[in-house]
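The shown structure was predicted, so the numbers you read here are calculated from the model rather than taken from an experiment.
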Amino acid sequence: MGARSGKDYLDGLTDDREVWLGGERIKDVANDPRTAGAATTLARLYDLQFDHPEKLLRLDPVSGEQVPVTHLIPRSAADLETRHDALACIAERTLGLMGRSPDYVNVTLAGFAGRPDVWGRDGNEEGTANLVAYQREAMLNDWALTHAIVNPTVDRSQPETAAGGGDIVVHKVADTSRGILVRGARALATLAPFADEMFVYPGYPLAEGDEKYAVIFAIPMSTPGLRLLCRDSYSSPCPADQPLSSRFDEQDAVVIFDDVEVPRERVFLDGNVDLYNRVMQRSGWTPNIMQQTTIRAVTKLQFAWELATRMAAAVNNSSPATTEMLGEIWTYLELTRSALLAAEAGAHEWGSGTWLPAEPPFAALRPTLPRWFPRVNEIIKVLGSHSLLATPAWSELDNAELRPLIDLYYQGANGLPAKDRIALFRLAWDFVGSSFGGRAELYERFYLGSSGRFLTLAQKMAARSSTFPLLGSVLEATER
């Protein structure tokens, strides 16, 4: 089929998927007011492919179909540059506010499929062939994929697999004539109500003896027994009052696998704990996916800096403290951009002919971004102060009695009309203070993993690769 239009995408949401929100099963994800905003935004991303085919589409030489660039398995530095341009085009359309736009898992899956040398070890040839075939199927059908890699938190004093007597974490229950039967739960599956397929792969390592939990697979969202329990909707029906919440609430869901049958051809790993633990570490997952997520971060930081700068100008706030805070946001933006450029400049072949960016710049950025984004939000809150709350609803501007008062008392500096100031500060509130903004901050804190954990891993990686030449030269001179 090749690249889909927005209409094709929305039509694909009409199936038997079991999506629960607020105790009610949603029958029509595309049109329910709690989910329609994000569904419409995603449909526009699909249409964007045809608005910018030179950036977002490429010709598949085997099928002859136009397919998304985000499914590209990079085979050269030039391929990574091509992918960069596509990812940037998508991030700009979402302002970097949708962390799980379909390109995220597209890139993940392409990276995995490009490393059969890792996946095919220890007798997993069939699973590897299934993975490579599935990646191609996802590309040719232009599916929107979600993933679920985090286990539910029950008792941190125990291994996750021990929770609930071992029944909570997703695990294989039995073999069937068609494949395997799985049971358990995963969280959080961002974008799950809007996806065509779910890809279940490792999030954290397993221990010896955890063979039944060592399963990697993919299934359609309409698979019987697959249930999505969504968090509260933060979507707003009023784009004027909440311009971000109304468009970008990508949802998060706990995914329950209630004896779900996975066809054999959709099983990519079954029971090999050692390989389960290795595929994330040795396939280049971090530099692969961090290209996508860093491009999104650059876009979001650019938006945050522009927003904060406009807020200061709206009230003519040029104090040294304000200028310093604006400069702080700008430094985060440029440091993130520089890390991205450095990683891409150091791209090299990682195995099986797959090219990925260099890892060290991303290893430094991965534990740092989760600290920068909350600080950016704090700066915007300080700059906005009470003005973030003192903004009337957009409907009040249409009130003939109130409008003259609003025009007088809500105007900004240097002749800024009240309606422009109101629009600016309502946008800022939606970015940092609404339910949507609070969820986004929490997402940025944790979606890349624990900062402490990845600072530790960064030090271990650096120590392994360093011969300590500077220290060695000093010690050698001292010994003489």
Please answer whether the main-chain N or O of [Y] pairs with a side-chain N or O of [X] as donor and acceptor at a distance below 3.5 Å.
X    : Y    : answer
N288 : V107 : yes
S451 : P367 : yes
T128 : W119 : yes
D259 : R183 : no
D249 : Y234 : yes
N277 : L206 : yes
R17  : L228 : no
Q281 : G284 : no
T94  : A91  : yes

Neighbour count above 12 (heavy atom, 6.0 Å) for [X] [atom1]:
X    : atom1 : result
E81  : CD    : no
R121 : CZ    : yes
Q158 : CD    : yes
R278 : CZ    : yes

Side chain to side chain, Q251 and F194, heavy atoms closer than 4.5 Å: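 Contact flag for Q251/F194 side chains = yes.
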
Beyond-backbone contact of F112 with T108, side-chain heavy atoms, under 4.5 angstrom: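 Heavy-atom side-chain distance check passes, below 4.5 Å.
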
Stepwise side-chain hydrogen bond (donor to acceptor under 3.5 Å, both in side chains) test for Y447 and T190: CA-CA 10 Å; Y447 86 98; T190 302; over 6 Å; no

Residues [X] and [Y] bridged, charged N to O under 4.0 Å:
X    : Y    : result
D252 : R439 : yes
D60  : R136 : yes
D175 : R264 : yes
D79  : R83  : no

Distance under 6.0 Å and angle within 45° of ring axis: R4 vs Y46: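 Flagged: R4 positioned over aromatic ring of Y46.
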
Check [X] against [Y] and note the closest heavy-atom contact, atom names and distance.
X    : Y    : value
W285 : M280 : CB-O, 3.5 Å
M221 : A195 : CG-O, 3.1 Å
P193 : L13  : O-CD2, 4.2 Å
G12  : D196 : O-OD1, 4.2 Å
S352 : D117 : OG-OD1, 2.7 Å
L45  : S101 : CD1-CB, 4.1 Å

If you measure only the distance, is there a donor-acceptor pair under 3.5 Å linking the side chains of [X] and [Y]?
X    : Y    : result
N141 : E197 : no
H147 : R100 : yes
Y213 : E160 : no

F248 and F436 aromatic ring geometry - parallel, tilted or perpendicular at 30°/60° bounds: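 F436 and F248: tilted rings.
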
Geometric class of the Y134/F268 ring pair [parallel <30°, tilted 30-60°, perpendicular >60°]: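 The arrangement is tilted - the two ring planes meet at 30° to 60°.
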
Within residues 459-471 or reaching into it, pairs that qualify as side-chain hydrogen bond (donor to acceptor under 3.5 Å, both in side chains) - sequence neighbours excluded: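 Matches after skipping sequence neighbours: none remain.
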
Straight-line distance of Y276 OH to I216 CD1, nearest 0.5 Å: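 One finds 6.0 Å between OH of Y276 and CD1 of I216.
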
Reference residue T336; test side-chain contact (heavy atoms from CB on, under 4.5 Å); the match among V298, I295, L341: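 Only match with T336 under side-chain contact (heavy atoms from CB on, under 4.5 Å): V298.
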
